[in-house]
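These numbers come from a predicted model, not from an experiment.
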Amino acid sequence: MNISIITGKHMFDFINTWTSNIQREYQISVYSYDNFNEIPDLYSRLEDTSDGFLISGIVAKNAITQKIPHPTKPILTFEASLQDLFRLLLKQFIANRNLDPHRVIMDFLLPIRQDPSCLAIINGEHLTDMGEEIEGNASEKSFEELCSYVDDIASQIISLWKEGRFDLVICNYISIMPTLIQEEIPCIYAYPKEDSFLENMDHLAMQIQLNNMRRHLAVVISIVLSENQDDRDLFSLRKCMSDYKKDFLTDFIINKEKNQLDIYTSLETARYITENFTHCTLSEYIEEKLHQPTSIGYGIGQNLLQAKIHADAALKEAVRTENSYAIDENEMLCGPLKKGQAFSVTNIVTPKIDMLAKKAQLSPLTIQKILSIMKQKNSCEITSQELASRLNVTVRNANRILSNLEKNQLAVVAYHKSLNTKGRPQKVYQLMLL
């Protein structure tokens, strides 16, 4: 089992020494980066030879998922646990009885709290909740903003120090330390302890085993030509799929099912065909060969029956939009499978989604798609033309959706945008679904 650890250069020697003494049956390699913008390329370079990744911190992990939305290998983070922070704080307060908890700040709290003091830790607030807040905050940032995330925190700390607002910084971001030391600001790095680090590594090993098991999941790909088709069309489609199999050396079984073709294959092949469920190369191949629009549904399941059910459900969505969609074993819908447009929504309707759908008089799936688009865009602003493009619907349908949201106080027209062409300026809507 090959585990790659990606950490900042200031932690490299510490982690490398530490892992060399770990008594586990893992092959561990440690890699370092100078800044966050290097991390996605580092992950991509190691993805094929690594079974899983441990990344130093939530923000660093988000730098990967911003650039690579569907990584194929498990990624977990490591950092100081709540117990590690407690121990460190206790040690500081014992060493300096005059140290005021109100004047000891935590760097990771600055982006998410008005009061970044250590009182939240002392008062027993769950680090898991804070982690979710940090992850939520980081997920709203663009990749460029993530790359300057730590520098922005360092600037905040320097400003607070000049204002005399604190006496000590507990750092979770080690790359901040050189800047603070240069400014002669008292700071201590919260190193993760060996037991919590090993716990994270063992958890990653379990995720790797689950990921390896997932490779053996059943996959069914259901294909229909979008125009009225007869037996001759199905024969042509079947021949086209046989050619695809030879041209791209893929392994699958072709089966005629009423008015469609079903392809039985592996998850690895489906990932190859769809570039990891982001872009359906198969539909492009068929349309180029047969000159007909194609709808494709990918179904993943624990067995062939579940995969077939999911493929049929994905195909319904695909036929509606003349596109390609996938539903995985967790009933997560992904699509449309076009470059730059693929997003995922779960079939599980939460109370919040249900409430928004009823209020907007739209389907829960439509609300989920819009929320996913907002997250993908990292913005709450959208035009009807952009919504139509991303949902693969007509501009008229997009206008109806936005009109429903506006009528029910879930969207407002923020401003109008001119396109430097003839015609009326476009309305830019501010969505209020979060």
Check: [Y] and [X] side chains under 4.5 Å, non-hydrogen atoms:
{"X": "C334", "Y": "Y325", "value": "no"}
{"X": "K73", "Y": "N211", "value": "yes"}
{"X": "M106", "Y": "L85", "value": "yes"}
{"X": "F197", "Y": "E194", "value": "no"}
{"X": "L402", "Y": "L431", "value": "yes"}
{"X": "Y244", "Y": "K289", "value": "no"}
{"X": "F78", "Y": "T7", "value": "yes"}
{"X": "L282", "Y": "M241", "value": "yes"}

I'd like to check the salt bridge (charged side-chain N to carboxylate O under 4.0 Å, His left out) partners of [X]; sequence neighbours left out, ordered by chain and number.
{"X": "R320", "result": "E317"}
{"X": "D251", "result": "none"}
{"X": "D84", "result": "R87"}
{"X": "K352", "result": "none"}

Grab the two heavy atoms, one from [X] and one from [Y], that are nearest each other, plus how far apart they are.
{"X": "T366", "Y": "S363", "result": "OG1-OG, 2.8 Å"}
{"X": "F277", "Y": "L337", "result": "O-CD2, 3.5 Å"}
{"X": "C280", "Y": "S283", "result": "O-OG, 3.1 Å"}
{"X": "K369", "Y": "L333", "result": "CE-CD2, 4.4 Å"}
{"X": "Y33", "Y": "S56", "result": "OH-OG, 3.4 Å"}
{"X": "A357", "Y": "I367", "result": "CA-CG1, 3.8 Å"}

Rounded to the nearest 0.5 Å, what's the gap from [atom1] on [X] to [atom2] on [Y]? Could you check?
{"X": "I153", "Y": "I158", "atom1": "CD1", "atom2": "CD1", "answer": "12.0 Å"}
{"X": "I39", "Y": "S44", "atom1": "CD1", "atom2": "OG", "answer": "12.0 Å"}
{"X": "D202", "Y": "M206", "atom1": "CG", "atom2": "CE", "answer": "9.5 Å"}
{"X": "L362", "Y": "I353", "atom1": "CG", "atom2": "CD1", "answer": "12.0 Å"}
{"X": "K193", "Y": "W18", "atom1": "NZ", "atom2": "CH2", "answer": "8.0 Å"}

Does any N or O in the side chain of [X] come within less than 3.5 Å of the main-chain N or O of [Y], such that one atom is a donor and the other an acceptor?
{"X": "N404", "Y": "A360", "result": "yes"}
{"X": "S50", "Y": "E47", "result": "no"}
{"X": "S389", "Y": "Q385", "result": "no"}
{"X": "S372", "Y": "Q368", "result": "no"}
{"X": "E386", "Y": "I382", "result": "no"}
{"X": "S4", "Y": "S29", "result": "no"}
{"X": "S196", "Y": "P192", "result": "no"}
{"X": "T19", "Y": "N16", "result": "yes"}
{"X": "Q426", "Y": "S384", "result": "no"}
{"X": "E275", "Y": "T281", "result": "no"}

I'd like to know if the side chain of N276 pairs up with that of T278 as donor and acceptor (distance under 3.5 Å, no hydrogens or angles considered).
no
Looking only at the side chains, is there a donor atom on one of D247 and Y285 sitting less than 3.5 Å from an acceptor on the other?
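On atom types as modelled, these side chains qualify, holding a pair under 3.5 Å.
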By side-chain hydrogen bond (donor to acceptor under 3.5 Å, both in side chains), which residues pair with D262, not counting sequence neighbours?
S222, Q260, K308
Do other residues, nucleotides or ligands put more than 12 heavy atoms under 6.0 Å from E199 CD?
no
What ring pair (Phe, Tyr, Trp, His ring centres under 6.0 Å) pairs are there with at least one residue in residues 38-62, not counting sequence neighbours?
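For residues 38-62: Y43-F53.
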Please name all residues satisfying side chain to side chain contact (heavy atoms under 4.5 Å, CB included) with [X], sequence neighbours left out, ordered by chain then number.
{"X": "D41", "result": "none"}
{"X": "K256", "result": "D231, L234, R238, L261"}
{"X": "F143", "result": "N37, P40, A63, Q66, K67, C147"}
{"X": "S266", "result": "E268, T269"}

Look at the rings of Y189 and Y191 and say which category their plane angle falls in: under 30° parallel, 30 to 60° tilted, over 60° perpendicular.
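It falls in the perpendicular class, over 60°.
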Donor-acceptor pairs under 3.5 Å, side chain of residues 297-304 to any protein atom, not counting sequence neighbours: which ones?
{"unit_1": "N303", "atom_1": "OD1", "unit_2": "L305", "atom_2": "N", "d": "3.2"}
{"unit_1": "N303", "atom_1": "OD1", "unit_2": "Q306", "atom_2": "N", "d": "2.8"}

Show every donor-acceptor pair shorter than 3.5 Å between a side-chain atom in residues 164-180 and any protein atom, with sequence neighbours excluded, or say none if there are none.
{"unit_1": "R165", "atom_1": "NH1", "unit_2": "E163", "atom_2": "OE1", "d": "2.8"}
{"unit_1": "D167", "atom_1": "OD1", "unit_2": "R103", "atom_2": "NE", "d": "3.3"}
{"unit_1": "D167", "atom_1": "OD1", "unit_2": "R103", "atom_2": "NH2", "d": "3.1"}
{"unit_1": "D167", "atom_1": "OD2", "unit_2": "R103", "atom_2": "NE", "d": "2.8"}

N-O pairing of D312 and K316 below 4.0 Å:
no
C187, P116, C118 screened by side chain to side chain contact (heavy atoms under 4.5 Å, CB included) with I105, the one that passes
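Checked C187, P116, C118 against I105; only one passes side chain to side chain contact (heavy atoms under 4.5 Å, CB included): P116.
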